[in-house]
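Note sheet for the following structure.
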Amino acid sequence: MTRIPRTALALAATLAAVLLVWACGGGGGSSPTEPHVGPKTVVVTVSDDSYDPKSVVINPGDTVQWVLKPGSVTTHTVTDVGGKFDSGFAFTAAGMTFQRRFTETDSTFNYSCSTHKDCCGMKGSVLVGEAAPPADKGYQ
Ligand SMILES: [Cu+2]
């Protein structure tokens with residue numbers, strides 16, 4: 001019968017213990033403190049004559065949904081100054097919505113109501129991404 005040296009046994013026991021700790025604890029994967037958050041929808045209320053909130057900050061892939069507040073006129077629009085989107089007269093009744101998904105990273109969209117931009121300063125902005133430039137004056 002061969003005898004296994006005592007040091008070899010100790011080494012094997014240590015190795016087993018290390019492997020057990022590694023398998024149970026340090027296996028990697030997602031951190032519980034940083035749960036994955038999927039794309040979200042941010043709601044902006046359209047009323048006479050403002051957007052609330054006036055400016056929103058979102059992540060690329062998020063959607064902004066504008067909703068007409070009850071009691072408001074139906075001639076409001078959501079019109080991008082740069083021409084990327086325009087609701088037209090989509091708000092034909094209270095609760096009617098217009099929405100757009102923003103995939104443009106680090107971009108800022110200044111928008112206004114084509115009916116009430118000049119009379120009432122009805123302006124707003126959407127900032128996409130952490131490095132989005134600030135909105136123009138009056139749109140912030
Ligand atoms: Cu308007």
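All figures in this text were calculated on a predicted structure; none of them were measured in a lab. Both ligands and their constituent atoms are indexed starting at 1 by order of listing.
Using a 3.5 Å distance cut-off with no hydrogens or angles, the side chains of Thr115 and Thr75 do not pair a donor with an acceptor. Using a 3.5 Å distance cut-off with no hydrogens or angles, the side chains of Ser114 and Thr77 do pair a donor with an acceptor. Neither side chain, Asp52 nor Thr45, offers a donor N or O lying under 3.5 Å from an acceptor on the other.
For His76 atom ND1 and Cys113 atom SG, the angle they make at the Cu ion (ligand 1) is roughly 140°, to 10 degrees.
Considering NE2 of His76 and CE of Met96, their distance stands at 14.5 Å, rounded to 0.5 Å.
Using a cut-off of 2.8 Å, one finds that His116 contributes an N/O/S atom close to the Cu ion (ligand 1). The Cu ion (ligand 1) does not have Thr77 among its coordinating residues (no N/O/S atom, backbone or side chain, under 2.8 Å).
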